[in-house]
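Below is one structure; the comments refer to it alone.
Proteins get letters first, then strands, A, B, ... in listed order; numbering begins at 1 in each. Nothing here was measured: the structure is a model prediction, and the numbers come from that model.
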Amino acid sequence: MALLRFGADAMPSAIESSEGYWASVWRRLRRDKVAMIAGAVVLALILMAVFAPYIVPADPFSGRMLRRLRPIGTEGYPLGSDELGRDMLSRLIYGARMSLLMGVTPVIIAFGLGSTLGIVAGYLGGWFNTIAMRTIDIFYAFPSVLLAVALSGALGAGLTNALVSLSVVFIPPIARVAESVTTQVRNRDYVEAARASGAPGFTIVRVHVLGNVLGPIFVYATSLISVSMILASGLSFLGLGVRPPEPEWGLMLNTLRTAIYTQPWVAALPGAMIFITSISFNLLSDGLRSAMDVKQ
Amino acid sequence: MSEPLVQVRGLTVSFMGGPSPIRAVNGVDLELRAGETYALLGESGSGKSVTLRALMRLNPEKKTRVEGSIRVDGQDVMALNRKQLQQFRGKTLSMVFQEPALALDPVYTLGQQIAEAVAIHEGVSHAEGRKRALELFERVRIPSPERRLDAYPHEMSGGMRQRAMIALALSCRPQVLLADEPTTALDATVQIQILLLLRELQRELGLAVIFVTHDIGVAVEVADRIAVMYAGRIVETGAVRDIIRNPSHPYTIGLLRSRAHGALQKGARLETIPGSPPDLANLPAGCPFAPRCRYAIDQCQTVTPEPVAVRDGQIVRCLRVGELEAV
């Protein structure tokens, strides 16, 4: 059809992509090799954590005092053994459970609370915004590690307390991001257009603000997972998080540090796991960010 | 004759918050009957968009002081409570925005956005709303409408988006359509198509349309009556042909002369209106146009001109209106 019809804009009538938003995000993400590899690693780690009891070659809790600190590749100990003669491979696999829990849970909690706070503050503006955001700024005055340690220390050692303190640490940055995105979206024409067509305030927040704001906040939150894992490892390292003999990468790093001169490779393994996991989460969230950023 | 559909009396809008209030609209009267198209013409900052937003009470409530009376379809708009206002917006009065790329939500398909508006206003299901959206897409002549319902705003061209925006504005069968420079963001060939569409819809549906524009050509194309705004006042209003043939306010005369109409001689300079519009935060006494007016006399600096009818339906705010007829 080379004929220009008057009254209809000249534009190709074939749009191939009538797919949903998330379908198009997925399509773009699939083309991103780095993100796909990172995603595969994350998936593998999750599967490893879920099926830990079925795939471990040995009991991660029972040690043999005669076979302490074996090097990598020793028979029966593919990745060596730790300072109590426990199988490192099994402990690393089991450790994924705790470490992922400590990495993901605080971020989910903080995502829920922080984005609610930020969106409400950003949408309402005025005095509520001032009070909420200035209070959050107070939390910013402390370095996140120090804040997590201080809170956990004050609450007492233990898994729940560590999770709570990490959640508190992540609420301010997420709320800050949520508030700034919401403030931008609130002044967009389509929000005014929604008001002009008589949409109630709650509907505007639910449909137009949330729809446009959750994506960026979500991407930011995924990048916090690795930070959370590292902080959690730090807490365990200080004895504030998970307690022995529970395998957790940070804690393992701590207990193995005395072996750094005798078995440096074995001692470095938990650190390597933390590194691999956090970099995978980071790369995945980077890929997600660019896959979701299509408009404008 | 019956009561007009839209009746505005002595509307003033000031924005507070600055060191001194910005008086964006200073006493606007306008009347609009069903099936009539009214163009508000003026340059940037003349108060035309603010007037339009005041009709829907869209200006931020805390920072704005609105005075005067606005009646639409027998309802006192200033007295509506929040619930009534939500019913009123979209159903009685609805609006087409200047930049459809910004006024459509990027994360929802067009069908979803229209269906949502219909579902909220009329309490029907989303499927029902989608049916209405399809009808509207056909009505605004979007090709292959069924498929376009599932398109996102960024997948459409500018003209197509504006058609979708118009469909959205019409989704709840409003009586009055407010159009805030609906063609400014479009290129010239698409502009005329949108204007023709708006005129056609207006005739078919018997809509009353208030059209804000700074393009006198557009105003002439669509409107039955034109109101020329300057510094928050309507300085001249009348039927299109009267305004074009016998402009009576010096500002209107200047605007008409400053067009590049017909064959402009090569090298000939376009006539302009010297100076720039007054600062709305501190308006001068007297006629606000006086400092730029080539016909201004001393009295213009001190006396604010009252509206004077020069002929049937043509009203002008100028002290020298009688004298200038001859010019």
Study note, to complete from the structure: Interatomic distance, CD@B:Gln86 vs OG1@A:Thr203, rounded to 0.5 Å, equals 7.5 Å
Revision key, fill the gap. Here the gap from A:Arg188 atom CZ to B:Leu104 atom CG, rounded to the nearest 0.5 Å, amounts to 13.0 Å
**Study point:** From CG (A:Asn187) to CG (B:Leu102), nearest 0.5 Å
**Key:** 12.5 Å
Review point. Which answer fits B:Gln98, side chain, backbone, both or neither, if we ask what part of it has an atom under 4.5 Å from a heavy atom of chain A?
Key: neither
Check your understanding: When rounded to the nearest 0.5 angstrom, what is the spacing between NZ in B:Lys91 and OG in A:Ser197?
Key -> 13.0 Å
Check your understanding: What heavy-atom pair brings B:Ala103 and A:Ala193 nearest, and what distance separates the two atoms?
Key -> O-CB, 3.6 Å
Study note, to complete from the structure: Residues of residues 178-186 of chain A with a heavy atom under 4.5 Å from any heavy atom of chain B, in residue-number order, are none
Review point. Looking at B:Arg82, B:Lys83, B:Glu116, which makes the most heavy-atom pairs under 4.5 Å with chain A?
Key: B:Glu116
**Study point:** Crowding at CZ, A:Phe51 (>12 non-hydrogen neighbours, <6.0 Å)
**Key:** no
Check your understanding: Does the side chain of B:Arg53 come within less than 4.5 Å of A:Glu192's, by heavy atoms?
Key -> yes
Review point. Distance from B:Gln113 atom CD to A:His208 atom NE2, nearest 0.5 Å?
Key: 6.5 Å
Check your understanding: How many angstroms lie between atom CG of B:Asp180 and atom CG of A:Asp189, to the nearest 0.5 angstrom?
Key -> 9.0 Å
Study note, to complete from the structure: Between B:Met95 and A:Ala196, the two heavy atoms sitting closest are CB-CB, 4.3 Å
Return a table of donor-acceptor pairs under 3.5 angstrom between the side chains of residues 32-44 of chain A and protein atoms on other chains or two or more places apart.
{"unit_1": "A:Asp32", "atom_1": "OD1", "unit_2": "A:Val34", "atom_2": "N", "d": "3.4"}
{"unit_1": "A:Asp32", "atom_1": "OD1", "unit_2": "A:Ala35", "atom_2": "N", "d": "3.4"}

Check your understanding: By a 4.5 Å heavy-atom criterion (distance strictly below it), what part of B:Tyr108 contacts chain A: side chain, backbone, both, or neither?
Key -> side chain
Check your understanding: Considering residues, nucleotides and ligands other than B:Glu146, do more than 12 of their heavy atoms fall under 6.0 Å from its CD?
Key -> no
Review point. When you measure from the side chain of A:Arg195 to the backbone N and O of B:Leu58, does any donor-acceptor pair fall under 3.5 Å?
Key: yes
Check your understanding: Side chains of A:Tyr190 and B:Pro106: does their closest heavy-atom pair fall under 4.5 Å?
Key -> yes
Exercise for review: Examine whether an atom of B:Leu93 lies under 4.5 Å from a heavy atom of chain A, and if so say whether it belongs to the side chain, the backbone or both; otherwise answer neither.
Suggested key: backbone
